[in-house]
Amino acid sequence: MDLVQLQRQFVDYRTSLYHEGFLDEQFTQLQELQDENNPDFVVEVVSLFFEDSERLLNELARALEQQSIDYKRIDAHVHQLKGSSSSIGAQRVQKVCIAFRNYCEEQNVEGCLKCLQQVRHEYSLVKTKLESLFQLEQQILTAGGSIPM
């Protein structure tokens, strides 16, 4: 595939992530912070989001398996996940976290378990989508091109 096709594919794919609600304007702002002095800024920030999210999802699963569920602790984890997903523009993860927090407030274990599955699903989708986007970026750069904005 030639460079122009790769760049067109990148733009189309990135646009689809916004149209499908995976990303919002916050991701655009994150990209605008990247420059030649820090060319891997977005990848680094998103990688930290991935690491943090995996840890939080595991902690949420463990907390919901307990005999006596600490909803305040669960809510704190969900709040942290909501904030980090919001900071990178992972809109669909953030929206599930809002519902999750409501179930924590109601101390509704079934609702919390359902939201945990939903947030895991949305997280997995956005992770796969962003990894594909970064892979396309890398192919463009390897081919000597620049990333279209």
### Message
Once rounded to the nearest 0.5 Å, what's the spacing between atom CD1 of Ile88 and atom CD of Gln94?
### Response
10.5 Å

### Minimum side-chain heavy-atom gap Lys127-Glu54 below 4.5 Å
yes

### Task
Kindly indicate, with the supporting measurements, whether the criterion side chain to side chain contact (heavy atoms under 4.5 Å, CB included) is fulfilled by Gln139 and Leu136.
CA-CA 5 Å; Gln139 289 174 335; Leu136 269 172; 3.6 Å; yes

### Message
So which atom in Gln7 and which in Ile140 form the shortest heavy-atom distance, rounded to 0.1 Å?
### Response
CA-CD1, 3.8 Å

### Smallest separation among heavy atoms of Ser84 and Asp52, with atom names
OG-OD2, 4.0 Å

### Task
Say whether Leu48 and Phe41 are linked into one hydrophobic cluster, either directly or through other cluster members, by side-chain heavy-atom distances under 4.5 angstrom.
no

### Task
Looking only at non-hydrogen atoms, find the nearest pair between Val78 and Cys97 and report the distance.
CG1-O, 3.5 Å

### Query
Side-chain contact, heavy-atom cut-off 4.5 Å: Lys129 with Glu20?
yes

### Message
What's the separation between atom CE in Met149 and atom CD in Glu32, rounded to the nearest 0.5 Å?
### Response
7.5 Å

#### Entry: Lys/Arg N to Asp/Glu carboxylate O, Glu59 vs Arg55, below 4.0 Å
yes

### Task
Taking all non-hydrogen atoms of both residues into account, name the closest pair between Arg120 and Leu57 and its distance.
NH2-O, 3.9 Å

### Message
Do Val109 and Tyr71 have side chains that approach each other closer than 4.5 Å (heavy atoms only, starting at C-beta)?
### Response
yes

### Within-4.5 Å side-chain heavy-atom neighbours: Val96 and Tyr123
no

### Message
Hydrophobic cluster membership, with links at side-chain heavy-atom distances under 4.5 Å among I/L/V/M/F/W/Y: are Tyr13 and Ile147 in one?
### Response
yes

### Query
Hey, are Asp75 and Lys72 close enough for a salt bridge, meaning a charged N less than 4.0 Å from a carboxylate O?
no

#### Entry: Validation row: Leu81, Ser53 side chains within 4.5 angstrom (heavy atoms)
yes

### Query
Just how far is it from atom OG1 of Thr28 to atom CG of Leu33, taken to the nearest 0.5 Å?
11.0 Å

### Message
Is any side-chain heavy atom of Phe27 closer than 4.5 Å to one of Val42?
### Response
yes

### Close side-chain approach of Leu130 and Val43, heavy atoms under 4.5 Å
no

### Task
To the nearest 0.5 Å, tell me how far Leu113 CG sits from Gln118 CD.
11.5 Å

### Query
Distance from Gln117 atom CD to Lys114 atom NZ, nearest 0.5 Å?
11.5 Å

### Query
Does one hydrophobic cluster hold both Ile98 and Val119, with members joined at side-chain heavy-atom distances below 4.5 Å?
no

### Task
Look up atom CD1 in Ile69 and atom CD1 in Ile74, then write down how far apart they are to the nearest 0.5 Å.
5.5 Å

### Task
For the pair Leu30 and Gln26, evaluate side chain to side chain contact (heavy atoms under 4.5 Å, CB included) and give the outcome as yes or no after the intermediate values.
CA-CA 6 Å; Leu30 196 62; Gln26 188 62 38; 5.6 Å; no

### Query
Between Gln34 and Pro39, is there a donor-acceptor pair closer than 3.5 Å when you use the side chain of the first and the backbone of the second?
yes

### Message
Between Gln31 and Arg14, is there a side-chain heavy-atom distance shorter than 4.5 Å?
### Response
yes

### Summary
Between Arg73 and Ala63, the two heavy atoms sitting closest are NH1-CB, 4.3 Å

### Least distance between heavy atoms, Tyr103 atom then Cys115 atom
CD1-SG, 3.5 Å

